[in-house]
Amino acid sequence: MEAYNHGKLEKKWQKLWEETGAFHASDDYTKEKYYALIEFPYPSGQGLHVGHPRPYTALDIVARKRRMEGFNVLYPMGWDAFGLPTENYAIKNKIHPRIVTEQNIKRFKGQLQSLGLSFDWSREINTTDPNYYKWTQWIFIQLFNKGLAYKKEFPINWCPDCKCGLANEEVVNGACERCGTEVVRKVKNQWMMRITDYAEKLIKDLDLVDYIEKVKIQQKNWIGRSEGMEVDFTVQGLTDKLRVYTTRPDTLFGVTYMVISPEHPILEQEKAKINNYEEIIAYREFSAKKSDFERTEMSKEKTGLIVHGLSAINPVNSQEIPIFVSDYVLMSYGTGAIMAVPGHDTRDWEFAKKFQLPIVEVVAGGNIADAAFTDIETGSMINSDFLNGMEVTAAKTAISDYLISKSLGESKINYKLRDWVFSRQRYWGEPIPLVLCKKCGWQPLPESQLPLLLPDVESYEPTDNGESPLAKMTSWVNTTCPKCGGAAARETDTMPQWAGSSWYFLRYTDVNNDQALASPEALAYWLPIDWYNGGMEHTTLHLLYSRFWHKFLYECGVVPTQEPYQKRTSHGMIMGENGEKMSKSRGNVVNPDDIVEEFGADTLRIYEMFIGDFEKSVPWSMNGVKGCRRFLDRVWRLQEIANKNKGYSKELEASVHKTIKKVSNDFESLKYNTAISAMMSLLNEFTDNGSITTDEFKTFLLLLNPVAPHITEELWEKLAHPGYIFQQQWPVWDESKTIDDVIEIGVQISGKVRSTVLIPRIAKQAEAEKIVKSDEKIQEWIKDKTIVKEIYVPGKIYNIVVK
RNA sequence: GCGGGUGUGGCGGAAUUGGCAGACGCGCUAGACUUAGGAUCUAGUGGUAGUACCGUGGGGGUUCAAGUCCCUUCACCCGCACCA
């Protein structure tokens, strides 16, 4: 028997798969389809990380199994190639980002192909390809035409190092997600996406899909829906009311002051009446200078000051109350003004303590001298006139009805979700296909002028004044208005990286279409994506953005489904051997190329699937890799004990059927580790048995094939089975054969296992009792004891309680 | 602070409805074969003081029976963070 030469054999089969187009999805729309998708990678300069193959292999297993089950499978791959790291690298090394991207993709693709992943490479896409981003631009124009893309003066998160604006989602702990620099506020004129219009649908339609629960919860938390009321407070001497948002209208009688945000417009409007206006402006500037991080840090200590000259009237008890300015009230949420109920809101309580404001108890049940009582489950209303004695929920309804009937307020739903800042002042992104005409305003390019190509520039370095590098290209910027033909200027900001990834899964269905982003037939056939796997870090960014675009395209009649992804799962990270995150600086990075070279792709694939719970982070283990290689060596040596007999032998039949069942089920439910352990166990039985039939060997190879496609293909060929293994049928199990007639059950004495007995699975109480009591050990245990009770659970346990 | 999650051998991890805790793999120990072994094979491997007892973060409870259910408590991880 020749040795298991993984290098030679893996290349051989990869070449054959490629030449025969083995994994190309068919355009035969009459077959039952299956669309499996993994998040396409950003082709970074570092090359593939051992974390990448984990999800790719997991869905490769599903894709390969589905093909064997007769489905027409689409399992595509592409490149999310716009983005900052490439641009930064290009600037540093004076190479055009396009060249850098090409090089990186070449490397990534070679690495992925060496893993034997069954991607349909004929459908490869690249977000930086003009034929692709033509449609990204086209979608942008549709959004613009429907008023969902708009330009706005907006204080954005600005990274002084990247010289670029960031979306809220890209700011982590007040620092830039990419480079870690502290983010500052900067007011800029930005393109925005009205994702907030879809807030309700983005929450509600989670009911239509099968996502792992934590993804749904995170999305809901991020959108942050809250139900409450807007209530009008009269300001002394003004006709305009001061409107607040509250989720606790029931505590209205406990309001002892109001707080408005330092940016609240009333301050500007009524500055004549405000005696300490200068002081307030100084406070506003002080707050504005604080970074997000400082704001968070300082949350322990409330700051602010009273607005002299303005006071408000509580609409339910006509009490006059002071108005304060404080930056704990945000202009960007609700109305930028709150009614303060220090007795029942922690922040108001802290503020009231600091400024020695009265604290009134309106919900009995807590101790408001020590802390605000915020519980809404227990407690009843006091000091609240007609609400007294009611439970909180009842009081909410009563006060709402009252306020609405008196036109003092109205019900209101608020969301934490903000509109999506869509502009980037960077070169390496999709140009925004709009021009600004002095006469006609912002005008979209006609479709015939798409794609609007990213021009070659002399220098693509970001500018210090915060403008895109494209702004320097006057010959490109100056153009004519598509509407009136007059002089106009192009938008010079580019789109964020999230743009290209918000719809890429649509393009895979019909990659070469130049009439539409994909044909309606292709979309109708392939959508929705049956199984989408990706990282948890994309739950609030990519997943939300792409669902938003998809919903928009659904309303435009472009796509046939409300939701893009039917099922979403998520994988855990692979950590370094020392349990820390893999990074160059920690020196614990494992390069997949080295593993493929030394042990083979099949070993790497098995290892990454066997390493642990797919959803959890796990440390890398070189010894674990070796163990998986040993397993494949033993699989290879099965040749030595294979005989020519057909069918399953009596000794192994039950185990084979059980293993088919376990592996089939586990592959469907993210339990790749136990599927592999089941195959290892079967292999152990095979070797213990000393001989296996052709059919036992065949079944084993078929089960292993999705995980270890190369070695199984080779052994299939060596055994002279007809065809290729990837064309075979997935094995089926006979349920009746998985059930043993005689089983071993534990026998307990007073709840402790003292012996085991072999017993017919369907044995009745009397029969079981006879078998159990003839067991020597048990006889010893029950000797001289009184049997109090006997419990027999067929197939499980026999318990004798003695005294 | 809020939301979500996790605690099981030396390590990664298994354990349908409560029903033999530790599958499978690593590591370790002994032996075999070897000039040699980081190869392969065989046997063993939760702890302890060897027929027993103790063991699933800690404490309490329900039950004939608890890793699994209930109460309580601790530790760690992830996400959000003044969202009224």
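What you see is a predicted model, and the numbers here were worked out from it, not measured in a lab. What you see below is based on every heavy atom in this structure, not just the backbone, and it leaves out hydrogens, waters and symmetry mates. Just so it is clear: chains get the letters A, B, ... in the order the sequence lines come, proteins before strands, and each one is counted from 1.
Tyr328(A) and Asp348(A) form a side-chain donor-acceptor contact under 3.5 Å, judged by distance and modelled atom types alone.
Lys662(A) comes within contact range of no nucleotide atom at all, as no heavy-atom separation falls under 4.0 Å. Backbone-only engagement by Arg637(A) is indicated by non-hydrogen atom pairs under 4.0 Å involving sugar-phosphate atoms exclusively. Note on Trp781(A): only backbone sugar-phosphate atoms sit closer than 4.0 angstrom, heavy atoms only; bases stay farther off. At the heavy-atom level, Asn799(A) lies under 4.0 Å from base atoms of the strands shown. Across all strands shown, Ile338(A) has heavy atoms under 4.0 Å from base atoms, whether or not it also approaches the sugar-phosphate. Glu213(A) comes within 4.0 angstrom of nothing in the nucleic acid, heavy atoms only. Residue contacts shown for Val618(A) are limited to sugar-phosphate atoms, with no base heavy atom under 4.0 Å away. Arg225(A) comes within contact range of no nucleotide atom at all, as no heavy-atom separation falls under 4.0 Å. Note on Gly224(A): nothing from the nucleic acid sits closer than 4.0 angstrom, heavy atoms only. In this structure, Ser226(A) reaches the sugar-phosphate backbone alone: every heavy-atom distance under 4.0 Å involves primed, P, OP1 or OP2 atoms, never a base. Backbone-only contact: Asp613(A) has heavy atoms under 4.0 Å from sugar-phosphate atoms and none from a base. When heavy atoms are screened at a 4.0 angstrom cut-off, Lys626(A) is found touching no nucleic acid atom at all. Within the 4.0 angstrom heavy-atom criterion, base atoms lie near Thr756(A). No engagement by Asn414(A) is indicated, since no non-hydrogen atom pair under 4.0 Å with the nucleic acid exists.
Taking only side-chain atoms of Ser681(A), from C-beta outward, the nucleotide of C82(B), C24(B), A14(B) with the closest atom is C24(B). Checking C41(B), G12(B), C24(B) against the side-chain heavy atoms of Met680(A) singles out C24(B) as nearest. Considering only the side chain of Val753(A), A21(B) comes nearest among G13(B), G19(B), A21(B). Nearest nucleotide to the side chain of Val793(A), out of G7(B), G19(B), G25(B): G19(B). Looking at the side chain of Ile791(A), the nearest of the listed nucleotides A84(B), C82(B), G19(B) is G19(B).
To the nearest whole angstrom, the two C1' atoms, one in U68(B) and one in A15(B), are 10 Å apart.
Summary of the strand contacts: Lys789(A) and Thr247(A) both lie near RNA chain B, and taking for each the nucleotide with the nearest heavy atom, the more 5' one is attributed to Lys789(A).
Salt bridge status for Glu227(A) with Arg225(A): present, with a side-chain N to carboxylate O gap under 4.0 Å. Ionic pairing of Arg568(A) and Glu213(A) is not present here: no N-O contact between side-chain nitrogen and carboxylate oxygen is shorter than 4.0 angstrom.
Looking at Gln748(A), its side chain has no donor and acceptor atom pair within 3.5 Å of the base of C20(B). The base of C80(B) lies outside donor-acceptor range of the side chain of Lys416(A), with no N or O pair under 3.5 Å.
The two residues Tyr283(A) and Asp327(A) have their closest heavy-atom pair at OH-N, 3.0 Å.
Between Phe351(A) and Tyr257(A), the ring planes are parallel. Angles under 30° get that label, and only those over 60° would be called perpendicular.
Taking the O4'-C1'-N9-C4 or O4'-C1'-N1-C2 dihedral as appropriate, G9(B) has a value within 90° of 0 and is therefore syn.
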